[in-house]
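Since the structure comes first, as structure tokens, the remarks are kept for the end.
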Amino acid sequence: MYIFQGEKMKKTLDREKTVIKCPACFDLALCLDCGQAFRWEKTENGWRGVISGREYLLNQNGSSLEVSGSTDSESIHILENYFDFDRDYEAILDTLNNDKYFSKAASEYYGIRILRQESWEALCSFIISQNNNIPRIKGIISRLCENFGENTGNGAYSFPSAQRLSLLEVSDLAPLRSGFRAKYIIDAARKVSFGEVDLKKIEKMPIEQARQTLMSVKGVGPKVAECALLYGFNRLEAFPVDVWVKRILKELYPKGLPECFSGYEGIAQQYLFHWRRNLDTKE
DNA sequence: AGCCAGGACAAGT
DNA sequence: ACTTGTCATGGC
């Protein structure tokens, strides 16, 4: 987790505060803590995190999003894009709600949006996620950033670039305690850094070709590729199937997904994932 | 203490 | 084309 430097940092983050108007269907805490991003930390002053090397401290107050830390216009633009504020989730949920199970999940967890995370961070994070649990995933990623990211100046760290990680050896990642995943992280960093896997090109590829390209990375199978596409490339039709979603499919949709999910399977997946996971685990 | 985790891979059918 | 054992680590 982040290391804070007391009052000095607090003043830096509080110096300027900007308020953004939120769209309908936006719950900050749910967005940041529903299993799609692993790096946001809830503190007594709000949700703290880093996007594109910029540090943010966020608080939601009804339809207002209070932002401190990075508050220049470019940083605000980055934040609005991160939350995909321009997308009309009300309209999408109207359609998805035709399914009764989704409707139930959305009634309990209204306000989840699919974040537009940076593609490299999403890919790398979900490589780490495989056969792993969320608390430990967060710890490994936190150590990855502390060891190889850049300090924002306040004790928070950026997500290390593929270029930076490509220069390391597997043994350099020992402090992460990521187990067998270390070699996958290095392979991904090298393929991305050397352009063998071109993330910019993947953005424009047909989804099936994008899947195949991502899976050319060691340690990236169907599930991790699907997560990268959904969370890192905003492919809302991507549908990651983990053990929880597998249970959902078996218990609720033995004959397949309903037609009303078409095009937004990933959003449906996120609501159902979070809902199903919280039936067994209490936060 | 033992099972499980936002899986992938290789080896074996 | 399907099944099974293995892989590190640690949360619960």
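Chain letters run A, B, ... following the sequence lines, proteins first, then strands; residues in each count from 1.
As judged by a 4.0 angstrom heavy-atom cut-off over every strand, A:Gln269 is placed among the base-contacting residues. Looking at heavy-atom distances under 4.0 Å, A:Val241 makes no contact with the nucleic acid at all. As judged by a 4.0 angstrom heavy-atom cut-off over every strand, A:Gly35 is placed among the base-contacting residues.
Residue A:Ile137 contributes atom CD1, which lies 13 Å from atom C1' of B:dC4 at whole-angstrom precision. Taking atom CG on A:Leu214 and atom P on B:dA8, their separation rounds to 12 Å, with Å as the unit. Atom OH in A:Tyr184 sits about 9 Å away from atom C1' in B:dG7, given to the nearest Å. Atom CG in A:Asn133 sits about 5 Å away from atom C1' in C:dG11, given to the nearest Å. A straight line from CD1 of A:Ile114 to P of B:dG6 spans 17 Å, rounded to a whole angstrom. For A:Asn132 and C:dG10, the CG to C1' distance is 8 Å, given to the nearest whole Å. Following rounding to the nearest Å, A:Ile134 (CD1) and B:dC4 (P) show an atom-to-atom distance of 17 Å. Between A:Asp242 atom CG and B:dA5 atom P the separation is 9 Å, expressed in whole Å.
Closest-nucleotide positions on DNA chain B for A:Met215 and A:Arg136 were compared, and the one nearer the 5' end corresponds to A:Arg136. Toward the 5' end of DNA chain C, the nearer of the two residues A:Gln130 and A:Pro135, judged by each one's closest nucleotide, is A:Gln130.
Looking at the side chain of A:Arg277, the nearest of the listed nucleotides B:dG6, C:dA8, B:dA5 is B:dG6. Taking the side chain of A:Phe273 as heavy atoms from C-beta on, and the options B:dG7, B:dG6, B:dA8, the nearest nucleotide is B:dG6.
The base of B:dG7 lies outside donor-acceptor range of the side chain of A:Glu226, with no N or O pair under 3.5 Å.
Checked for salt-bridge contact, A:Glu150 and A:Arg164 miss the test: no charged N lies under 4.0 Å from a carboxylate O. The existence of a salt bridge linking A:Asp187 and A:Lys183 is excluded, since no basic side-chain nitrogen approaches an acidic carboxylate oxygen closer than 4.0 Å. Using a 4.0 Å cut-off between charged side-chain N and carboxylate O, A:Arg113 and A:Asp84 make no salt bridge.
You'll find the ring centres of A:Phe38 and A:Phe126 inside the 6.0 Å limit.
Rounded to whole Å, the P atom of C:dA8 lies 24 Å from the corresponding atom of B:dA1. For the P atom pair drawn from C:dC12 and B:dG7, the interatomic distance equals 16 Å after rounding to whole Å. Spacing between B:dC9 and C:dG10 at atom P, rounded to whole Å, works out to 23 Å. The gap from the C1' atom of C:dT3 to that of B:dG6 amounts to 22 Å, rounded to the nearest Å.
Between A:Trp40 and A:Tyr82, the angle of the ring planes lies from 30° to 60°, which puts this pair in the tilted group.
Put simply, A:Arg247 has a side-chain N or O that comes within less than 4.0 Å of OP1 or OP2 on B:dA5. Close to C:dG10, at under 4.0 Å from its OP1 or OP2, lies a side-chain N or O of A:Arg177.
Looking at A:Gln117, its side chain does come within 3.5 Å of a backbone N or O of A:Gln36 through a donor-acceptor pair.
Under the stacking criterion of a centre-to-centre distance below 5.5 angstrom and an interplanar angle below 30°, A:Phe126 is not stacked against the six-membered ring of B:dG6.
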